[in-house]
Amino acid sequence: MARKSNRVDQGSVLAHPEDRRDAARPARAEVQFDDQAMLGPLFGEFDTNLVQLENRLGVLIAARGNKVVIEGAQDDVARAREVLVSMHQRLLTGQELDSGMIESLIALSNEPTFDGIIAGDTGVPPIMIRTRRKTIVPRTAAQADYMRQLASRDIIFALGPAGTGKTYLAVAQAVSQLMTGSVQRLILSRPAVEAGEKLGFLPGDMKEKVDPYLRPLYDALYDCMPPEQVDRRIASGEIEIAPIAFMRGRTLSDAFVILDEAQNTTREQMKMFLTRFGQNSRMVVCGDPRQVDIPGGTTQSGLHDAVGRLEGVEGISIVRFTSADVVRHPIVGRIVEAYEGDG
């Protein structure tokens, strides 16, 4: 039996060449999908995915059998076609489409490097992180750069607002390297900064007191590995999740080390943490310089101090995210943007 083709005929924008300078001139494009089985998840229930593209890009989309016709301003039609083809490619690689993914692809379609980020000639994303539970590809240009750095640099600082994937992608890369044997253990840490309640007043032993501060790290691990494997590797010591104070006096060799919420470290804590770096290790420091919660407000953030000292130092990479890179619900990006004007 002949193998069914997954070819996509991307069509072309049917506008006169002289009109290409005018982005607002009406245009029309056709996209044809040969794999009928993909049309349901591609279009979404009641064509919700196509409606999302229409609303966000200001185009009109009509599905006629296995063909999709897009009409609107020339630039908008080109972007809608590009996003639709990329949505199809994501499905071909076994990924699921949701409104957040589509929103990210729409944002990426405005980037000059969009083609290189999303797919090469084979339709398979060239930048990806494979874990036991999923294959992760970048949703923004900054994430693409970050994922390249995670795969190659020794120490990476990831700066930016919540929801940009700083910690999640670092944990995914750490899990991937643990699975392949590139590192022997994962060490995930956060400063246990109190937020209105003293740790001593919280119920339970020390582990129960600090676990709520470390919960986001557990959540990221459980998303990349089966829960029973996470628990087994924590019990064996292959994965360690602990407050930054537990790092003092250690040398972290053959490890992937992640410090989250680093803006809440002091200068002394940051220096202590960075100097734990050992042979065959990788270290990622994540934080939002605008969200410092150090008690008292008089102590300089260790993250701010470290970036100022280490930017440009060989072997150290600094990746900066903005509200445009937020990959949670689209409204989160707008909320972050609204607060960025504050001092």
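This is a predicted model, so every value here is computed, not measured.
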Taking every non-hydrogen atom, the tightest pair across [X] and [Y]:
X      : Y      : value
Gln143 : Asp325 : NE2-O, 4.5 Å
Leu186 : Ala174 : CD2-O, 3.3 Å
Val307 : Arg320 : CG1-NH2, 3.7 Å
Ile244 : Met272 : O-CE, 3.5 Å
Val69  : Arg28  : CG1-NE, 3.5 Å
Asp288 : Ala162 : OD2-N, 4.3 Å

Are any non-hydrogen side-chain atoms of [X] and [Y] less than 4.5 angstrom apart?
X      : Y      : answer
Gln173 : Met147 : no
Asp260 : Leu188 : no
Arg250 : Ile187 : yes
Val183 : Asp254 : no
Gln184 : Glu238 : no
Thr266 : Asp305 : no
Lys166 : Val319 : no
Thr167 : Glu261 : no

So, [X] side chain and [Y] main chain: donor-acceptor pair closer than 3.5 Å or not?
X      : Y      : result
Gln52  : Ser99  : yes
Asp154 : Gly315 : no
Thr275 : Lys271 : yes
Glu54  : Ile61  : yes
Asn66  : Phe33  : yes
Thr180 : Ser176 : yes
Thr164 : Gly160 : no

- Output, in order, the C-alpha distance, side-chain angles, deciding distance and verdict of side chain to side chain contact (heavy atoms under 4.5 Å, CB included) for Val284 and Val257. CA-CA 6 Å; Val284 183; Val257 189; over 6 Å; no
Using 0.5 Å steps for rounding, measure from the [atom1] atom of [X] to the [atom2] atom of [Y].
X      : Y      : atom1 : atom2 : value
Leu303 : Leu259 : CG    : CG    : 8.5 Å
Gln269 : Ser189 : CD    : OG    : 9.0 Å
Arg81  : Leu57  : CZ    : CG    : 13.0 Å
Arg185 : Ser236 : CZ    : OG    : 11.5 Å
Ile241 : Ile234 : CD1   : CD1   : 4.0 Å
Gln291 : Ser301 : CD    : OG    : 11.5 Å

- Quick one: do Phe246 and Met283 end up in the same hydrophobic cluster if we chain Ile, Leu, Val, Met, Phe, Trp and Tyr together by side-chain heavy atoms under 4.5 Å apart?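 Yes, Phe246 connects to Met283 through the hydrophobic network.
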- Linking I/L/V/M/F/W/Y whenever any side-chain heavy atoms sit under 4.5 Å apart, do Phe46 and Ile102 land together?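 Each belongs to a different hydrophobic cluster.
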- Message: Can you list everything that forms a ring-ring contact (aromatic ring centres under 6.0 Å, His included) with Phe256? Sequence neighbours excluded, please.
- Response: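 Phe256 satisfies ring-ring contact (aromatic ring centres under 6.0 Å, His included) with no other residue.
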- Item | Qualifying ring pair (Phe, Tyr, Trp, His ring centres under 6.0 Å) pairs, either residue in residues 138-163, two or more places apart |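 Residue pairs passing ring pair (Phe, Tyr, Trp, His ring centres under 6.0 Å), neighbours aside: Tyr146-Phe321.
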- Gln177 and Arg282: side chain to side chain contact (heavy atoms under 4.5 Å, CB included), yes or no, with the steps? CA-CA 10 Å; Gln177 291 198 206; Arg282 184 154 294 160; 2.9 Å; yes
Ionic contact status for [Y] with [X], cut-off 4.0 Å:
X      : Y      : answer
Arg153 : Glu314 : no
Arg79  : Asp75  : no
Arg64  : Glu30  : no

- Which is it for Asp145 and Gln149 under the side chain to side chain contact (heavy atoms under 4.5 Å, CB included) test, yes or no, and what are the steps along the way? CA-CA 6 Å; Asp145 179 48; Gln149 305 298 337; 3.2 Å; yes
- Query: Can you list the steps and then say if Asn55 with Val51 is a side chain to side chain contact (heavy atoms under 4.5 Å, CB included)?
  - Reply: CA-CA 6 Å; Asn55 292 338; Val51 171; 3.5 Å; yes
- For Thr251 and Ser253, does a side-chain donor sit closer than 3.5 Å to a side-chain acceptor?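 The answer is no; no qualifying pair exists.
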- Message: By the side-chain hydrogen bond (donor to acceptor under 3.5 Å, both in side chains) test, which pairs, at least two apart or in different chains, include something from residues 219-229?
- Response: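 For residues 219-229: Arg132-Gln229, Lys134-Asp223, Tyr168-Asp223, Tyr222-Asp231.
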